[in-house]
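To keep things clear, I will list the structure first and then write my remarks on it.
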Amino acid sequence: MNPKTEAELAEMVAGLKEPVRIKGGGTRGIAGPDVAIETSELTGITLYEPGALTLVAKAGTPVAEIEAALDAEGQQLAFEPMDHRGLVGTSGTPTIGGVVAGNVSGPRRVQAGACRDFLLGVRYVDGMGQVVKNGGRVMKNVTGYDLVKLMAGSWGTLGVLTEVSLKVLPKPEVSATLAVQAPDVTTGIAALSAALKSPFEVSGAVYDPNNACALLRLEGFAGSVAYRSDKLKSALAGFGDVNRIEQSDTLWAGLRDAANFHEESGDVWRISVKPSGAPEIAGRIQADRTLFDWGGGLIWALVPDGTDLRARLGAFDGHATIVRAEPETLSNLGRFQPETPGLSALTRGIRHKFDPRGLFNPGLMG
Amino acid sequence: MEMPTPNPDVLRRKAVVLQRLLQVLPEDAVIHEPSETRAYECDALTAYKCPPMLAVLPATTQEVSDILRICNEEGVPVVPRGSGTSLAGGALPTADSVILGVARMNEVLEVDYDNRFIRVQTGRTNLSVTGAVEEDEFFYAPDPSSQLACAIAGNIAMNSGGAHCLKYGVTTNNLLGVKMVMMDGSVVEIGGAHLDSGGLDLLGVICGSEGQLGVVTEATLRILRKPEGARPVLMGFDDNEVAGHCVSDIIKSGILPVAIEFMDTLCIKACENFAHAGYPDCTALLIVEVEGSEAEMDYQLSKIIEIAKRHNPVELRESQSAEESAKIWLGRKSAFGAMGQLNDYMCLDGTIPVSSLPEVLRRIGEMSQDYGLPVGNVFHAGDGNMHPLILFDANKPGDLEKCEAFGADILKLCVDVGGCLTGEHGVGIEKRDLMHHQYTPADLEAQMAIKDVFDPNWLLNPAKVFPLDASESRRAARIAAE
């Protein structure tokens, strides 16, 4: 089903008899019922005001189209959404609606915030076929409940997004990366943490155990980046040799997309933890390969097919999500971390209100 | 301002409710004498007053849980209260309600620089959160004007902002986790020192829910390392439109100042007379602040000044010292006090797309003529959040009503140009009945459905946020069920 307008979509949903899969570009590996509602006809940037740092686009608009429009004005989506295609093995065109539905955020999340932090407004069609809007296109808005955040990361289970408003930011003039040789995870995470609590505005903080290397990105005006990278370099000298990498955009795009895992077989998980707890958590999961983003707060882990990583984790403060696995594993273990009974009741209650017939992506989020 | 009629059944059972509360709270935590409950009759929206039936001051999450469980069982509405600084009437009681004040819960529970967070009890004031980490060069970013007094509980309830959110965001962007007591007394923990939610982003919907979903007793907040320095530049223009274009050009140039503040003639004059900040005599004044090392600030300010010069400013003054910076900010920060010397005033809080600034200021000027009430404007220009201050005389019959009507017209205008009713103060009772102007019935229904899930009996701060006619059936269902 491929509605051409929001009104047509609303009518379609109202008439649904069976559950459906909500599909943007179909690049993020979300399975579900055979019948899909697609947003590929709901496209186009409806408003872009560079002087107000705001952009509004229909949900099916390709991310590439948005990035090109922003690039022409020297601006960007600061939350740096990843492209899942290489990792998940999908084709298709990533859409802005998919980015929002998955709250997809990359390395800059640690400094700038997540997709949800940049989402100013949404329009969606709920499970009764009603068009609902929340938020708007201005940066400060506390008018009523913030359903905008709720829709971000709800993976289509609360409604079909039709339009999103985003805060955008200036693109930095230059960027530079410091690479710190750190022999083990504990030293690596400590180096990231030292950098993140410095005043030098680190906008990416990754530890890559494969290369025993902590990577720290600095962005901004040329003079400022030069100054901060000198300062940070001396501040980190105690952790290991520090080298400055000049052209690092490709490096960070690879880290964003977990490129290191693309060619490796096995399941891929993302684990959100307290950064300083990452070394101990990594010890528990015994993964074949790991990568630590967000200063240690995000662990990418590769494990053999079908591994119940949550069993290895046991109780911990955070959550573990499957990004890539066989359908059987996904249905056995669940893509998302089970919630505590109290939260689970709230989640179920909200889902029942927004989609009382259980039509949208059933079973995806508990 | 209409409030629901107090439920006579609840009023009749005051003694029973009091007795039950005294069983779970120390005597000095329960306030029941009418002479004492009066202290809670209003918040910073002082035009509306109503003493609560009772007020309670719990010291622990367990006590909060006991209070809510008892009130839920007794069908008593509960109005949570931080420090009572809401400008929207968020903590205004009804005669049949229990005020639940969190002021006694103000401890710092954990400070963790490696992971860049602080965990506090929510009665703690905003400024004292920064105070707890300041010696180590950290700070908590959201900085509402009332930060000396306002509590984190209220900041979370209203999703408070401040002058520096262009760069650092508002409360919701700096809130990592909460411990929250539900109306039935159960306690939930959401989020923590890790980032993002593993399921639905419940934290996102709790922040800004105006005390209607639960009582947050503990919060995990993101703290940031202080920048090396901050420095403002002051610029004056003889035309609002030109000042608006200057703001837009600065933002388009790729610089992201931490704050861009705007003041119009009336405010400039009032602030100058009050604070003697050395403000120029002009139509529009901008204060633009940047952060970083000395060299970084020099660079950014030189670019900003270059842009400003293209717009023929009548005044352009870069701060040369900490004293001068303080002086530039002093005028702006005393704006509310300065306007208060002129007359009583009502402070509004709409947001508009930055590009609509000249049009909106022109329309406000015209309305000011029509209503015969002067209005001054201070404005977080970087993010479009306006604070029109309407002057009126509270002692003059009819003036308050006229002021309210004028305020409503301004807020509707904000919505009509693509903005919203409230940028950082919240809806409370003040903007409650204007919600129809911004939202359709389906939009409001989706929001109220959230409250149905968290607080099925609609007992938490029930007569706020939603237009009374929209929430009536839900509130009535609760009373009928008793």
Side-chain angles (χ1 to χ4, degrees), chain A residues 49-53 74 103 109 113-114 116-117 126 130-134 136-147 149-150 152-154 169-170 173 193 196-199 221 223-224 227 272-276 294 297 317-319 321 336-337 339 342-343 346-347 349-350 353 365-366, chain B residues 113-116 158-159 161 169-170 173 186 188 190 192-202 204-205 207-209 225-228 248 251-252 254 256 292-293 295-296 299 351 353-355 383-385 418-424 426-427 435 438-439 442-443 446-447 449-450 453 465:
Chain A
E49 285 187 6
L53 300 175
N103 187 28
R109 193 264 173 270
R116 54 92 90 179
D117 294 301
D126 72 11
Q130 296 187 99
V131 175
V132 178
K133 70 167 182 304
N134 194 261
R137 65 172 172 106
V138 289
M139 259 180 237
K140 273 167 87 180
N141 185 349
V142 295
T143 319
Y145 292 176
D146 190 348
L147 305 183
K149 304 280 183 304
L150 190 66
S154 64
L169 282 182
E173 191 176 276
S193 178
L196 285 166
K197 64 182 183 181
S198 79
F221 297 108
S224 163
Y227 167 83
S272 179
V273 296
K274 179 163 89 174
S276 65
W294 299 354
D317 288 330
H319 47 89
T321 305
F336 298 98
Q337 180 84 26
E339 294 175 302
L343 295 190
L346 292 172
T347 293
I350 291 172
K353 292 280 183 186
M365 289 190 93
Chain B
Y113 294 119
D114 280 340
N115 295 300
R116 302 165 299 284
M158 294 313 205
N159 189 13
V170 296
N173 310 113
S186 61
V188 292
I190 305 176
H194 58 275
L195 292 174
D196 297 337
S197 171
L200 292 184
D201 189 350
L202 300 177
V205 78
C207 189
S209 61
R225 179 66 183 262
K226 274 192 177 168
E228 289 183 83
S248 173
I251 290 174
K252 273 195 275 194
L256 191 66
S293 67
E296 286 174 279
Y299 178 75
T351 305
V354 182
S355 51
D383 51 40
N385 188 196
C420 64
L421 296 171
T422 171
E424 58 185 0
V427 177
M435 290 284 275
Q438 183 168 339
Y439 290 118
D443 298 340
Q447 297 177 36
I450 300 284
V453 173
V465 185

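All of these numbers come straight from a predicted model, not from anything done at the bench. Here is how names work: the chains are called A, B, and so on, in the same order as the sequence lines, proteins then strands, and each is numbered from 1.
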For [X], is it the side chain, the backbone, both or neither that has a heavy atom under 4.5 Å from a heavy atom of chain B?
X: A/Asp126; answer: neither
X: A/Lys149; answer: both
X: A/Leu196; answer: both

Residue pair [X] / [Y]: nearest heavy atoms and the distance that separates them:
X: A/Lys274; Y: B/His194; result: N-CB, 3.9 Å
X: B/Val453; Y: A/Leu346; result: CG1-O, 3.7 Å
X: A/Val132; Y: B/Ala446; result: CG1-CB, 3.8 Å
X: B/Ser248; Y: A/Gly51; result: OG-CA, 3.5 Å

Taking the side chain as everything from C-beta on, heavy atoms only, tell me whether [X] gets closer than 4.5 Å to [Y].
X: B/Leu256; Y: A/Leu169; value: yes
X: B/Val170; Y: A/Val142; value: no
X: B/Asp383; Y: A/Val138; value: no
X: B/Arg116; Y: A/Ser193; value: yes

Return the option, out of [options], with the maximum number of heavy-atom pairs under 4.5 Å with chain B.
options: A/Pro170, A/Ser272, A/Ala52; result: A/Ser272
options: A/Asn103, A/Val273, A/Ile350, A/Thr321; result: A/Ile350
options: A/Gln130, A/Glu173, A/Glu339, A/Arg137; result: A/Arg137
options: A/Arg116, A/Gln337, A/Met139; result: A/Arg116
options: A/Gly136, A/Ser198, A/Gly74; result: A/Ser198

Under a 4.5 Å heavy-atom cutoff, which of [options] has the most pairs with chain A?
options: B/Ile251, B/Ile450, B/Leu195, B/Asn159; value: B/Leu195
options: B/Ser197, B/Cys207, B/Ala442; value: B/Ser197
options: B/Ile190, B/Val465, B/Asn173, B/Asp196; value: B/Asp196
options: B/Gly384, B/Gly419, B/Pro353; value: B/Pro353
options: B/Asp443, B/Val354, B/Thr351; value: B/Asp443
options: B/Gly208, B/Ser355, B/Gly292; value: B/Ser355

State the [atom1]-[atom2] distance between [X] and [Y], to the nearest 0.5 angstrom.
X: A/Thr143; Y: B/Glu424; atom1: OG1; atom2: CD; result: 11.5 Å
X: A/Asn141; Y: B/Leu421; atom1: CG; atom2: CG; result: 8.5 Å
X: B/Lys252; Y: A/Glu49; atom1: NZ; atom2: CD; result: 9.5 Å
X: A/Leu150; Y: B/Leu200; atom1: CG; atom2: CG; result: 5.5 Å

Counterpart residues, side-chain contact (heavy atoms from CB on, under 4.5 Å), relative to B/Ser293 (two or more places apart): A/Tyr227, B/Glu228, B/Ala295, B/Glu296
Side chains of A/Ser276 and B/Asn115, donor plus acceptor under 3.5 Å: yes
In terms of heavy-atom proximity below 4.5 Å to chain A, should [X] be classed as side chain, backbone, both, or neither?
X: B/Ser209; answer: both
X: B/Val188; answer: side chain
X: B/Tyr299; answer: side chain

Exceeds 12 heavy-atom contacts within 6.0 angstrom, atom CG of B/Asp114: yes
